[in-house]
Number of protein chains: 2
Amino acid sequence: MCVMLQILADRGPSPAFPPASSSIPKPTRTTSLAGPLLPPRTMIFREGLAGSPQYRVVDGCVATAQTLSDGRRQIIDLIGPGRLIGLGLGEHIRYSAETLGFTRLEAVTMSQSDRELALGEMLERSQGLVMLLGRKTAPERVAFALLDLARHFGRPARDKRRRAITYHLYPTRGDLADWLGLTVETVSRCFTRLKKAGLIDLERGDLVTVLDPQQLSGLAAGDRPLSY
Amino acid sequence: MCVMLQILADRGPSPAFPPASSSIPKPTRTTSLAGPLLPPRTMIFREGLAGSPQYRVVDGCVATAQTLSDGRRQIIDLIGPGRLIGLGLGEHIRYSAETLGFTRLEAVTMSQSDRELALGEMLERSQGLVMLLGRKTAPERVAFALLDLARHFGRPARDKRRRAITYHLYPTRGDLADWLGLTVETVSRCFTRLKKAGLIDLERGDLVTVLDPQQLSGLAAGDRPLSY
DNA sequence: CGTGATATTGACACAAGTCAAAGCCAGTGG
DNA sequence: CCACTGGCTTTGACTTGTGTCAATATCACG
């Protein structure tokens, strides 16, 4: 039995995604709880909606974000397969969530201790982002993002027994800018510099290969300055 | 019976503060759990220490912070009376905590659901800081900080039935800079501008009066631009 | 083969950082 | 009581990283 997820596949501002029913059916297959394939830019829920539906990302990518009254947007987290969305204060949701690519979710119910663990993980990631936004330079931020995405979306498929990791980049330059507290142009310039420095490779704009994870993480941590 | 808190009142890098014993004695007085008065700049715990002792701030102010290898510091939160410190992943503490003024703590043990609630609150504050650091200008950040501190440290003592709020500023300009992702100089300049604009008043450097909370919160939210 | 979104690149502007010099104040000791 | 010290703050002059604006390139899609 499938949890019915009403898909509202419009782009941009759209009606809210109804929370899954709280009655979780027994799995009859491994994917029995999984919803349908959501298209890119589907709004899953919005800021201010009461209640907190909980989903696990099965495949694809979801961005959680807060938006200021004047349109400034800050992405709180990019969430890949296996991770959860919908946690937070029970009262009101403080952020919206939308898909960045074709994405499959499954509804989950969690024990209290699982929720506590998940909250702790979210807190840890949020505090990491605070450090990044408060004290890191643009190249450090972009390097960090590329490595974080590699961990979540990279297949262990190493290029030629080098430690290279290749993955599909779900977020656009604009999404990355809104995550890293930068502008589209700055993100693009950092990409170009990282490419010229031989740390990464980019194909067709959305296929990333991290060529030198070692050096890239040195950059992300602020140990090395990225020459040029 | 008092929970013994070993005070290490040195300034700067110092040994860790030992977690309170987990056996909580019955209160014999209202302040029976409260520890001694900790002097300013006492390190309560450091990053990387295992276990997570939990305290409530009774009086004073505590800053939680992460530090990069090259010394860049990011304050995660400033915590006033009634709020908790020590929550997070059980495994390791990802941040350090130190007092900013004379501070009294009390050891607490919490039910699981209290912990979940407290984690949710920390998460919410952390995400608010993410928005501030990623997308707000320096004057907006400072305005936000002054209002947040007013909520936590301001006495309801209103000036002359105007909505003015006065409070002692625990953090130095440097602490504020490390919280807001700015420099000491920028924080100081914003203070000067806010003073000239008649939104706040400063006496002796550490006594703040918010003269126009209304307009200040408009500034903090990015609705108004702060002329001059 | 247009058309529209996204990405890159360049020229320039500006907010915030850096460096440096006073200023202010609390604490100390003569 | 006063000079001295050291930390914090303020202010000014200048630099710089990142943002803004604008032109072009690239790519997906009909």
Side-chain angles (χ1 to χ4, degrees), chain A residues 10-12 39-41 70-74 100-102 132-143 168-196 200-208 219 222 225-228, chain B residues 11-12 39-41 70-74 100-102 132-143 145 168-196 200-208 219 222 225-228:
Chain A
D10 47 339
R11 286 152 187 263
R41 305 293 155 180
D70 60 4
R72 283 176 281 180
R73 183 173 76 138
Q74 177 63 50
L100 295 190
F102 284 95
L132 179 132
L133 293 172
R135 289 299 179 214
K136 291 192 176 174
T137 67
E140 286 167 8
R141 297 181 197 196
V142 172
H168 173 74
L169 226 209
Y170 284 102
T172 65
R173 303 294 184 271
D175 295 327
L176 289 169
D178 286 346
W179 187 27
L180 305 175
L182 301 170
T183 58
V184 187
E185 294 91 333
T186 300
V187 172
S188 180
R189 282 188 251 266
C190 288
F191 273 12
T192 305
R193 290 171 62 187
L194 290 170
K195 211 159 93 179
K196 282 187 180 153
I200 63 165
D201 196 24
L202 286 175
E203 292 157 64
R204 245 180 54 257
D206 63 351
L207 191 67
V208 180
L219 213 186
L226 177 55
S227 38
Y228 167 57
Chain B
R11 287 153 186 265
R41 306 290 155 183
D70 59 5
R72 282 177 283 180
R73 182 174 77 137
Q74 176 64 49
L100 296 191
F102 284 95
L132 179 133
L133 293 172
R135 289 300 180 213
K136 291 191 176 173
T137 66
E140 287 168 7
R141 296 181 198 196
V142 172
H168 174 73
L169 226 210
Y170 285 103
T172 65
R173 303 293 184 269
D175 294 327
L176 289 170
D178 286 346
W179 187 26
L180 304 174
L182 300 171
T183 59
V184 188
E185 293 92 331
T186 300
V187 171
S188 179
R189 282 187 252 265
C190 287
F191 273 12
T192 306
R193 290 172 62 187
L194 289 170
K195 210 157 93 178
K196 282 187 180 156
I200 63 165
D201 196 25
L202 286 175
E203 292 157 66
R204 246 184 50 259
D206 63 353
L207 191 67
V208 181
L219 211 187
L226 178 53
S227 39
Y228 168 60

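Protein chains get the first letters and strands the later ones, always in sequence-line order, with residue 1 at the start of each. Here the structure is a predicted model, which is why all the values come from computation and not from measurement.
- Of the possible polar contacts, none joining the R173(A) side chain to the V184(A) backbone as a donor-acceptor pair under 3.5 Å is found.
- Nucleotide dC8(D) holds its C1' atom 11 Å from the CG atom of D175(B), rounded to whole Å.
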D175(A) and R73(A): CA distance, side-chain angles, deciding distance, salt bridge (Lys or Arg N to Asp or Glu O under 4.0 Å) verdict: CA-CA 9 Å; D175(A) 295 327; R73(A) 183 173 76 138; 2.8 Å; yes

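- Between R173(B) and dC8(D), a side-chain N or O to OP1/OP2 separation shorter than 4.0 Å is absent.
- Side chain of R41(A) to main chain of L100(A): no donor-acceptor pair is present (N/O by atom type, distance under 3.5 Å, no hydrogens or angles).
- Direction change of the helix axis from one end of the helix from dC1(C)-dG30(D) to dG30(C)-dC1(D) to the other is 30°, with five pairs defining each end axis (rounded to 10°).
- Of the possible donor and acceptor atoms, one in the side chain of R72(B) sits under 3.5 Å from a partner among the backbone N and O of R135(A).
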Considering only nitrogen or oxygen atoms on both sides, find all protein atoms under 3.5 Å from nucleotides 23-30 of chain D and state each distance.
from: dA28(D); atom 1: OP1; to: R204(A); atom 2: NE; distance (Å): 3.3

Could you run down the sub-3.5 Å N/O contacts of the protein with nucleotides 16-21 of chain D?
from: dT18(D); atom 1: OP1; to: A138(A); atom 2: N; distance (Å): 3.0
from: dG19(D); atom 1: OP2; to: T183(A); atom 2: N; distance (Å): 3.3
from: dG19(D); atom 1: OP2; to: T183(A); atom 2: OG1; distance (Å): 3.1
from: dG19(D); atom 1: OP2; to: T186(A); atom 2: OG1; distance (Å): 2.4
from: dT20(D); atom 1: O4; to: R189(A); atom 2: NH2; distance (Å): 2.9
from: dC21(D); atom 1: N4; to: E185(A); atom 2: OE2; distance (Å): 3.0

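- Distance from the side chain of T172(A) is smallest to dT6(C) among dT9(C), dT6(C), dT9(D).
- With contacts defined as side-chain heavy-atom distances shorter than 4.5 Å, the pair L176(B)/F191(B) qualifies.
- In this structure a side-chain-to-backbone donor-acceptor pair under 3.5 Å is present from Q74(A) to D178(A).
- Put simply, NZ on K195(B) is 13 Å from P on dT9(D), counting in whole angstrom units.
- Look at CG on D206(B): it is 18 Å from P on dG7(D), rounded to the nearest Å.
- Rounded to whole angstrom, the span from the CD atom of E203(B) across to the P atom of dA26(C) amounts to 13 Å.
- Residue L202(A) contributes atom CG, which lies 15 Å from atom C1' of dT9(C) at whole-angstrom precision.
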